[in-house]
Each structure stands twice: as C-alpha cells, then as structure tokens.
Amino acid sequence: SQKIEQNSEALNIQEGKTATLTCNYTNYSPAYLQWYRQDPGRGPVFLLLIRENEKEKRKERLKVTFDTTLKQSLFHITASQPADSATYLCALDDSNYQLIWGAGTKLIIKP
Amino acid sequence: DAMVIQNPRYQVTQFGKPVTLSCSQTLNHNVMYWYQQKSSQAPKLLFHYYDKDFNNEADTPDNFQSRRPNTSFCFLDIRSPGLGDAAMYLCATSRDAGGDHEQYFGPGTRLTVT
C-alpha cells in the first residue's frame with residue numbers, strides 16, 4: 001500500500017532563508033499531490049496542488065516540485081518569515097479517490 | 001464567508017459515554033469527510049459521504065458512526081468512547097471526490113476521554 005514519508009524532525013530555518021520540505025512516497029505515482037499548512041490545534045489549510053505531468057507549481061513565495069522518478073515532492077518557502085512557522089502536510093490521491101496523508105514536518109522560522 | 005464549522009471545539013466525555021460531534025458547511029460541497037488526528041500523526045480518514053452515499057473506511061471501528069441528514073450537516077457519533085479515542089476530530093469538505101479537489105477543513109473538535 002502507498003506510504004508517505006515526511007521528515008518527523010522539526011526543521012529550523014533562519015528568517016529570510018528558503019525552507020525546503022520533503023515528501024516521499026513509496027509505491028505508485030499519484031495523479032495529484034497536495035500540500036497543506038496546519039497550525040497547532042487547527043485544521044489543515046490547502047496551499048497548492050500539483051499534477052503528475054507538472055514539474056513545478058508556484059504561488060507567491062511558495063513553490064512545489066514533483067519528481068515521479070524519485071517519487072518525491074519538494075515544498076519551498078522563499079524569504080521565510082516567523083509567520084510561516086507551522087506543520088506542513090503533503091497528501092496524495094489514492095485509487096479510491098481519497099487522499100492519503102503524511103504526518104507532516106514542523107517548520108520553525110527563527111527571527 | 002463560506003466555511004466549515006465544527007461544534008463543540010472541545011469535548012470532554014467519560015469512558016463509555018456516547019458523544020456526538022457536529023459539522024456544518026456553507027460551501028454546498030458534495031463530499032464531507034471525518035478524520036481522526038492524534039498528536040504528530042497524519043489525519044486518518046474514518047468515513048466520507050458523497051452526497052448521501054456513505055463510505056466507511058475498512059479499518060474504522062464499529063464504535064464510530066456517522067449521519068448526514070442534509071447537504072449542510074454531518075455528525076460523528078462515538079457510541080462507547082475509549083481512552084484510545086482521545087484525539088482531534090476534523091471535518092472536511094470538497095466539491096467533488098478525487099485528488100484534484102482541495103479539501104476545506106473545520107477547526108476541529110478536541111475530544112478528551114476521562
């Protein structure tokens with residue numbers, strides 16, 4: 001079955017630098033991959049969706065890449081700010097038209 | 001603003017005492033989901049409705065039930081909560097099913113079982 005791996009260790013980044021988060025999957029390549037932000041005690045908030053035939057997607061300071069050969073997606077936040085501190089989850093579509101979720105990586109942006 | 005609302009935000013129940021969590025949406029989305037999320041873990045899908053069609057995940061315990069009386073509302077019933085059911089319960093909606101549709105989440109209900 002499909003498994004998603006996100007770094008369970010928190011990522012500490014200095015303000016102003018680029019933060020890069022990794023999402024690896026183990027089995028088939030999904031048709032779609034989504035990234036969400038989750039703040040403590042809140043529900044996830046959708047950020048970006050990328051399709052399997054797209055190499056890269058951008059939205060303001062956010063960029064997502066999708067490499068089906070490596071079975072990996074990278075999520076970048078450029079010019080990071082303390083307000084970007086949160087847990088970032090990736091999710092893939094499965095054969096039942098639902099999303100399979102990663103546990104997320106906690107990002108800490110230090111001033 | 002269109003949104004997903006969950007009540008209550010915090011729920012404390014006793015071991016074995018039935019509890020109901022509620023979710024409502026103003027997005028008029030076809031699909032509604034219930035997820036269970038424990039600390040530092042991935043959201044775990046319990047079940048979802050596509051319109052009135054109910055879809056139960058294979059590993060969702062029988063202790064968990066759901067109702068969707070209309071498009072706007074969905075309820076999660078836990079018939080006999082155990083200590084292991086303490087978690088954040090998230091309701092989400094999407095316009096349609098499939099990975100090409102983003103999900104909109106409510107703020108969650110934090111369930112404590114004493």
Side-chain angles (χ1 to χ4, degrees), chain A residues 1-10 23-26 28-54 57 59 62 64 66 68 73 86-107, chain B residues 1 3-11 21 23 25 27 29-51 53 55-60 87-112:
Chain A
S1 61
Q2 182 76 285
K3 290 185 180 178
I4 298 173
E5 298 166 351
Q6 293 187 260
N7 197 335
S8 59
E9 291 184 12
C23 174
N24 295 302
Y25 55 93
T26 59
Y28 60 86
S29 281
Y32 308 96
L33 190 150
Q34 301 184 22
W35 283 89
Y36 289 75
R37 169 184 173 141
Q38 187 172 25
D39 290 287
R42 310 292 295 183
V45 175
F46 172 79
L47 296 174
L48 282 167
L49 180 152
I50 189 166
R51 293 171 171 77
E52 63 177 339
N53 60 352
E54 296 176 317
K57 200 79 168 280
K59 178 182 176 183
L62 309 180
V64 171
F66 194 2
T68 56
S73 174
T87 296
Y88 291 85
L89 308 172
C90 73
L92 319 176
D93 67 313
D94 72 1
S95 55
N96 294 318
Y97 301 99
Q98 301 311 318
L99 292 179
I100 303 171
W101 294 81
T105 298
K106 184 175 183 179
L107 176 64
Chain B
D1 288 340
M3 58 175 56
V4 181
I5 301 165
Q6 290 189 246
N7 286 304
R9 292 293 315 280
Y10 301 92
Q11 177 73 57
L21 310 181
C23 177
Q25 56 133 339
L27 297 161
H29 282 172
N30 288 319
V31 191
M32 293 189 78
Y33 310 83
W34 278 107
Y35 289 91
Q36 179 193 66
Q37 187 179 29
K38 297 186 177 180
S39 182
S40 301
Q41 294 185 20
K44 177 182 182 298
L45 182 64
L46 297 174
F47 20 61
H48 75 278
Y49 280 90
Y50 189 101
D51 197 11
D53 292 334
N55 297 272
N56 197 27
E57 293 301 298
D59 57 354
T60 298
M88 175 74 89
Y89 289 87
L90 297 165
C91 175
T93 72
S94 63
R95 190 183 309 278
D96 205 338
D100 56 337
H101 294 276
E102 64 195 80
Q103 295 188 10
Y104 295 78
F105 284 81
T109 295
R110 171 75 63 187
L111 178 68
T112 301

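Naming convention: chains lettered A, B, ... in sequence-line order (proteins, then strands); numbering from 1 in each chain. No hydrogens, no waters, no symmetry mates; every other heavy atom, side chains included, goes into these values.
- Neither the backbone nor the side chain of Gln6(B) has a heavy atom closer than 4.5 Å to any heavy atom of chain A.
- Atom-to-atom distance recorded for Arg42(A):CZ and Met88(B):CE is 8.5 Å, nearest 0.5 angstrom.
- Of the possible polar contacts, none joining the Gln37(B) side chain to the Gly43(A) backbone as a donor-acceptor pair under 3.5 Å is found.
- Two rings, from Trp101(A) and Phe105(B), have their centers less than 6.0 Å apart.
- Looking only at heavy-atom pairs under 4.5 Å with chain B, the residue among Leu49(A), Val45(A), Leu92(A), Asp94(A) that has the most is Leu49(A).
- Heavy-atom distances place the side chain of Tyr35(B), and not its backbone, under 4.5 Å from chain A.
- Heavy atoms of Gln6(A) lying under 4.5 Å from chain B are absent altogether.
- Both the backbone and the side chain of Gln103(B) come within contact range of chain A, with heavy atoms under 4.5 Å apart.
- Of the atoms belonging to Tyr33(B), it is side-chain heavy atoms, and not backbone ones, that fall under 4.5 Å from chain A.
- Comparing Ala103(A), Pro44(A), Pro30(A) by how many heavy-atom pairs each has under 4.5 Å with chain B, the most go to Pro44(A).
- In this structure the side chain of Leu99(A) never reaches within 4.5 angstrom of the side chain of Pro43(B), judged on heavy atoms.
- Counted by atom type alone, Gln98(A) and Glu57(B) present zero donor-acceptor pairs between their side chains at under 3.5 Å.
- Counting only residues at least two apart or on different chains, no salt bridge (charged side-chain N to carboxylate O under 4.0 Å, His left out) pair has a member in residues 93-109 of chain B.
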